[in-house]
Amino acid sequence: MDDTSLYLDLLKRVLVNVIYRDPPQPTFWYEGVTFDEERRTLGKDWPSLAHTMVGLKRLDNVQYCVEQVLKDGVPGDLIETGVWRGGVCILMRAVLRAHRITDRTVWLADSFEGIPDTGPQGHQLDREMALHEHNHVLAVSEDVVRDNFRRYGLLDDQVRFLTGWFSDTLPGALPRVLIKQIVP
């Protein structure tokens, strides 16, 4: 394994915290309170300390996708919509750094307030899940996410925050992001 692969593999293990094996937080769909490596690898728990809940398998996929985009020369920045503690974006920024890519930005789009209540007009599954009732876990402030980037030494001018509800921020922001890539 080369140095880049070793670095990114270790980073992913730290992001999901299979290193120190923090216990999950009980949720409405999984009440376990002891670390389970298979669940963490598959992203089937809400970690108490880890910087992502997507699991190791999904982080492997994110790395593959970003590296494939770089290999294929696909232009543009990277974005995650709904970043929780920032782990996936930390990985995206680390992949760019590991491959010495300096002309792309990682965008973090989030309210940093949790999940909005979908209300009676929301989709039936959204109403049933009622994720807004778990904002004590899901709401992570922008300051905490920025601090998480700093802990990895990855908070720099290639990391940008798009703060607010998607319905308010994405319609106006995405054309700017796309235009920036098309018209230098």
Side-chain angles (χ1 to χ4, degrees), residues 8 10-36 39-63 65-66 77-97 105-119 122 125-127 129-170 173-174 177:
L8 293 173
L10 177 60
L11 180 76
K12 289 182 292 188
R13 291 176 177 282
V14 172
L15 287 169
V16 298
N17 204 7
V18 295
I19 303 295
Y20 295 107
R21 306 165 66 95
D22 63 315
Q25 300 181 58
T27 66
F28 64 98
W29 51 272
Y30 178 62
E31 298 200 10
V33 292
T34 58
F35 179 83
D36 180 316
R39 291 189 74 82
R40 185 63 54 87
T41 298
L42 297 174
K44 292 187 173 186
D45 70 0
W46 287 355
S48 56
L49 299 173
H51 291 149
T52 184
M53 64 171 70
V54 303
L56 200 51
K57 293 286 186 189
R58 288 189 190 114
L59 287 183
D60 288 341
N61 184 251
V62 169
Q63 178 185 347
C65 290
V66 173
D77 290 343
L78 306 170
I79 188 168
E80 184 181 21
T81 54
V83 303
W84 196 46
R85 295 177 182 158
V88 171
C89 292
I90 290 168
L91 173 64
M92 289 192 288
R93 179 61 191 100
V95 170
L96 295 179
R97 167 103 30 104
T105 299
V106 175
W107 291 84
L108 290 83
D110 203 301
S111 67
F112 302 100
E113 296 178 35
I115 308 291
D117 184 348
T118 60
L125 290 175
D126 289 333
R127 290 192 323 267
M129 288 178 31
L131 288 175
H132 65 280
E133 294 176 3
H134 303 278
N135 280 341
H136 63 284
V137 173
L138 298 175
V140 178
S141 74
E142 182 178 335
D143 289 339
V144 167
V145 176
R146 284 179 182 277
D147 189 51
N148 289 342
F149 268 86
R150 281 188 198 97
R151 292 171 187 229
Y152 294 93
L154 294 171
L155 185 63
D156 59 19
D157 60 355
Q158 284 181 254
V159 176
R160 304 277 300 273
F161 289 77
L162 189 57
T163 304
W165 300 113
F166 299 153
S167 60
D168 298 330
T169 59
L170 291 181
L174 288 182
V177 173

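Computation of the quantities below employed the complete heavy-atom set of this structure, encompassing side-chain atoms and omitting hydrogens, waters and symmetry-equivalent molecules. Nothing fancy with the numbering, it's 1 onward along the sequence.
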Inset, instruction - Indicate the atoms forming the closest heavy-atom contact of Leu108 with Cys89, along with that distance. - result: CG-SG, 3.5 Å

Inset, instruction - Report yes if the side chains of Thr41 and Val16 come closer than 4.5 Å at any heavy-atom pair, otherwise no. - result: no

Legend entry - Nearest-0.5 Å distance that lies between atom OG1 in Thr105 and atom CD1 in Ile79: 11.0 Å

Inset, instruction - Taking the side chain as every heavy atom from C-beta outward, state whether Arg40 and Asn17 have any atom pair closer than 4.5 Å. - result: yes

Inset, instruction - Name all residues meeting the side chain to side chain donor-acceptor pair (under 3.5 Å) criterion together with Arg150; count only those two or more places apart in sequence or in a different chain, and write none if there are none. - result: none

Inset, instruction - Taking the side chain as every heavy atom from C-beta outward, state whether Ile90 and Val106 have any pair of such atoms under 4.5 Å apart. - result: no

Inset, instruction - Answer yes or no: is there a side-chain heavy-atom contact under 4.5 Å between Phe112 and Asp143? - result: no

Legend entry - Test: Arg160 and Asp77 ion pair at under 4.0 Å: no

Inset, instruction - Of all the heavy-atom pairs spanning Val140 and Val137, show the shortest one and how long it is. - result: CG2-O, 4.1 Å

Inset, instruction - Can you measure from CG (Leu11) to OH (Tyr152) and round to the nearest 0.5 angstrom? - result: 6.0 Å

Legend entry - Nearest-0.5 Å distance, CE of residue Met92 to CD of residue Glu80: 5.5 Å

Inset, instruction - Begin from the C-alpha positions of Val83 and Val88 and carry the test side chain to side chain contact (heavy atoms under 4.5 Å, CB included) through to its verdict. - result: CA-CA 7 Å; Val83 303; Val88 171; over 6 Å; no

Legend entry - Cation-pi, Phe149 ring and Arg93 (6.0 angstrom, 45 degrees): no

Legend entry - Shortest non-hydrogen contact between Leu42 and Arg58, atoms and distance: O-NH1, 3.6 Å

Inset, instruction - Please answer whether the main-chain N or O of Thr118 pairs with a side-chain N or O of Asp126 as donor and acceptor at a distance below 3.5 Å. - result: no

Legend entry - Shortest non-hydrogen contact from Thr169 toward Gly164: CG2-CA, 3.6 Å

Inset, instruction - Decide yes or no for His134 and Thr27: does some side-chain heavy atom of the first lie under 4.5 Å from some side-chain heavy atom of the second? - result: no

Legend entry - Side chains of Trp165 and Ser111 in contact at under 4.5 Å (non-hydrogen atoms): yes

Legend entry - For the student: nearest non-hydrogen atoms of Ile19 and Leu10, plus distance: CD1-CD1, 4.4 Å

Inset, instruction - Look only at the side chain of Thr52 and the backbone of Val54, and say whether a donor-acceptor pair between them is shorter than 3.5 Å. - result: yes

Legend entry - Side chain to side chain, Leu15 and Leu91, heavy atoms closer than 4.5 Å: yes

Legend entry - Any donor-acceptor N/O pair, Asp45 side chain to Arg39 backbone, under 3.5 Å: no

Legend entry - Reported CG-to-NE2 distance for the pair Asp147 and His51, which is rounded to 0.5 angstrom: 8.0 Å

Inset, instruction - List in chain and number order the residues that pass side chain to side chain contact (heavy atoms under 4.5 Å, CB included) with Ser48, two or more places apart in sequence or in another chain; answer none if no residue qualifies. - result: Asp22, Pro23, Gln25

Legend entry - Closest heavy-atom pair and its distance - Gly32, Pro24: O-CG, 3.4 Å

Legend entry - Close side-chain approach of Met53 to Leu138, heavy-atom, < 4.5 Å: yes

Inset, instruction - Would you give the length of the straight line joining atom CD of Glu113 to atom CD of Glu142, rounded to the nearest 0.5 angstrom? - result: 11.0 Å

